[in-house]
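All chains are named by letter (A, B, ...) in the order of the sequence lines, taking the proteins before the strands, and each is independently numbered beginning at 1.
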Protein chains: 2
Amino acid sequence: MNDSNMTIATFQAALKEGRAEPYDWWHACAAQIQKREPEVQAWEALAPRLPALLSDVDVASKPLYGVPVGIKDIIDTTSMPITWGTRGYLRSSGSQLNAALVTLLEQQGALIMGKTVSTEFAYFTPGKTRNPHDPTRTPGGSSSGSAAAVATGMVPLAFGTQTAGSIIRPASYCGVFGFKPTFGTLSCDGVKPLAASLDTLGWFTRHIDDICMTFSALTQAPTIRALDNLKGVRVGIHSLPVDEPLTPDVEQALANAQALFEQAGAEVVPLNLDARYEALVEHQKVVMSYEAAQSLASEYKNYAAKMGVKLVELIQQGRNTSFHRYLEAKRATSEMQQALAQVFSEQVDIILAASAQGEAPKGLDATGDPIYCRAWTLLGVPCLNLPLSQSSAGMPVGVQIIADRWQDVKLLQIARMLMKMSSSSPAQ
Amino acid sequence: MNDSNMTIATFQAALKEGRAEPYDWWHACAAQIQKREPEVQAWEALAPRLPALLSDVDVASKPLYGVPVGIKDIIDTTSMPITWGTRGYLRSSGSQLNAALVTLLEQQGALIMGKTVSTEFAYFTPGKTRNPHDPTRTPGGSSSGSAAAVATGMVPLAFGTQTAGSIIRPASYCGVFGFKPTFGTLSCDGVKPLAASLDTLGWFTRHIDDICMTFSALTQAPTIRALDNLKGVRVGIHSLPVDEPLTPDVEQALANAQALFEQAGAEVVPLNLDARYEALVEHQKVVMSYEAAQSLASEYKNYAAKMGVKLVELIQQGRNTSFHRYLEAKRATSEMQQALAQVFSEQVDIILAASAQGEAPKGLDATGDPIYCRAWTLLGVPCLNLPLSQSSAGMPVGVQIIADRWQDVKLLQIARMLMKMSSSSPAQ
């Protein structure tokens, strides 16, 4: 049990054939947590007891039956405390009801393993988590614990949120798949908002198949099958922003991905997005700070003195942002969503781009820069980190692929086919 | 104090000139509550004590200083219980932190008077509130208590939410101004979601000036001034859907509004929106039920047996909605948002439309039909109910005016000028 090659589908098959018991994966993950957690520090809290499972359930009807799941510590649960990444200056012993996501996961048979470490209110101030590939480096953030827990096999599936680059970046740094679906795909009920027009629930896995399985389980979309090949699929290469230097490691990762796409029959073309797309990076900062100043108004009023410097800066920046400037950013977003829809309908099927500027930076006092994710998050498009490469230092380096809004299924069909071509197994 | 002609600006002037004390309006409202509440039943809970006010505040810098405010009982407060309109099957004695809106109001000097009655989770099952103009009729919903409290002068300002027609409809039925700003204008942190891509915080007042003042206070937009006249302003008349019959009272209200616009110099033209706009009414139902089934997953799991029939139907409908059908609705929404932006840039400045099918229906077992609001809410556009007319039975009948997304200031500038022309004072 719990070997790194096991997918959710493998486990379901073992259950059906009587080769596994429903709590087997849970116990295997619990053992892995005992082994890796002291070094990695991915968990804010663990479930106080074994969650109940319906005994007479039809396994086939519950795609996540018996699957242990980590959830970021900005998501409400009744049975576990929540700190919102504050390291305790704000803390609740548990919410009155579970977040909608938690109930939906439980209804699909999932077992909530615990709360994973978040940065402070899902912004920049790091929690205790270390990169599982090198404990002197950041795992990325803000969904730090979720990415690290999945990378180390402590759970096969964990949830996070992305407001700037909080899923794609830690997925790249930790060497796992990280998926941010189209904005609005999953309900954020019971999830602490940072910037409500950006906040998006997403998830991490070690296998592309598990990304797809989870998407179908939570949206009730039909099963996502791999395309037979990628003939006719047009992949545009364009990282945003273009004027920030990528490290050679990321250039190499993009080249590797390009080669893999071409091997699968896709046509890879350079894509030129004009300066209006570049401006989205700054617009994202404006939207994020303006909305965070609103969303965190009560927290700021009560705990400003205890907040991290970066968070205070963000809120103050938001308070000083004029409504006019905010509107300018919102209008530019709408305009570029339309323009990009045109690009996706006429020029390319998906975009291939950098997930981050480089490998996970050294040090635990920051979580790296989300700059390569800001524009895509603002546009609300689905983004998937593919853990395809390694840096010269042996650290994971991902790339992201991007589709138009609500083209999640197409993106995942392409990714599933691509990963069949890939001989490189994700980092463990 | 508290005569129906007093606006927030009047009160601020009285404060500055020493003719009023900061708690005067509060006490006047408290007296009005004693008088009207037994019949109207607008409140779920009242503030347990006088809220604190900073004594050395610069009144000019706090636009809502001393203004008593009602907030819908799906909005978190630390000092008052919350029932989410459940009549007690779900109840909390108070949240750990105030909703962001509450803190922002307090920072502008507002005094939270209490929690106003909501329908069950802001959907259809009515609370106890009666229409202040006729206690045998519904006040509308879901923001029932907020509309009724403002209509009776129990507070000059109250907040609600709109997911289908929950601000515009009760405003029309109760004879007050009701404003649903562009989707996303105010943070819904601490507000229970029903359908997150539709839920919009908005507010009720007896005066257009107070709608404007509140908008500026909460968004930090500059003061909204009335236009000198409406020359050059193009007003398109088009209610959605067109195939539902309006009562003669509403036809008359639209004619009254048209006359007023023309008197102010505007050009009123019939606007023909094609069948794709009609389809938005059904798309709104799809989005609302699909998202509500997610958002209320935990509530449904724990309290389905206690929920109202309509709410259970909504959730079950959502659970039976395919992802494909949901996507179809979301894509149609994006497409029509673009198309409508074109209409607003080329053909008209604002749209004049029915707020509801007729006057407030008889009976307290339902809250009327939001059908004339569904499409506009789905599109995310700002909508303002103008309480301009009365039915043959003497009940209030409003009309709504609508602008393109993020054109709230323009909409309010036009409305403010229009109301200067109007000799009819809002119903009291």
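Options A/E291, A/R91, A/E106 differ in how many heavy-atom pairs under 4.5 Å they form with chain B, and the most are formed by A/R91. For the set B/L327, B/T219, B/L97, the count of heavy-atom pairs under 4.5 angstrom toward chain A peaks at B/T219. Among B/H324, B/R405, B/R331, the residue making the largest number of heavy-atom pairs under 4.5 Å with chain A is B/R331. With respect to chain A, the highest number of heavy-atom pairs below 4.5 Å among B/K330, B/K301, B/Q220 belongs to B/K330. Counting heavy-atom pairs closer than 4.5 Å to chain B, the top residue among A/L90, A/L101, A/V102 is A/L90.
For a residue to count as touching a neighbouring chain, one of its non-hydrogen atoms must lie under 4.5 Å from one of that chain's; by this rule A/T78 does not touch chain B. Contacts between A/Y300 and chain B at a heavy-atom distance below 4.5 Å are absent for every atom of the residue. Heavy atoms closer than 4.5 Å to chain B are found in the side chain of A/Y326, but not in its backbone. For a residue to count as touching a neighbouring chain, one of its non-hydrogen atoms must lie under 4.5 Å from one of that chain's; by this rule B/A196 does not touch chain A. B/A195 does not touch chain A: none of its heavy atoms, backbone or side chain, sits under 4.5 Å away. For chain A, no part of B/S197 is nearby; none of its heavy atoms comes within less than 4.5 Å. For B/T321, no part lies under 4.5 angstrom from a heavy atom of chain A. Proximity to chain A (any heavy atom under 4.5 Å) is shown, for B/F183, by neither the backbone nor the side chain. Contact annotation for B/L186: both backbone and side-chain heavy atoms come within less than 4.5 Å of a heavy atom of chain A.
For the residue pair B/A297 and A/L104, the shortest heavy atom distance occurs at CB-CD2, 3.9 Å. Across all their heavy atoms, B/Q294 and A/S187 have their closest contact at OE1-N, 2.5 Å. For the residue pair A/A100 and B/S295, the shortest heavy atom distance occurs at CB-O, 4.0 Å.
For the atom pair CG of B/D189 and OG of A/S298, the computed distance is 6.5 Å after rounding to the nearest 0.5 Å. For the atom pair A/N302 CG and B/N98 CG, the distance stands at 8.0 Å (nearest 0.5 Å).
No side-chain heavy atom of A/Q337 sits less than 4.5 Å from a side-chain heavy atom of B/Q337.
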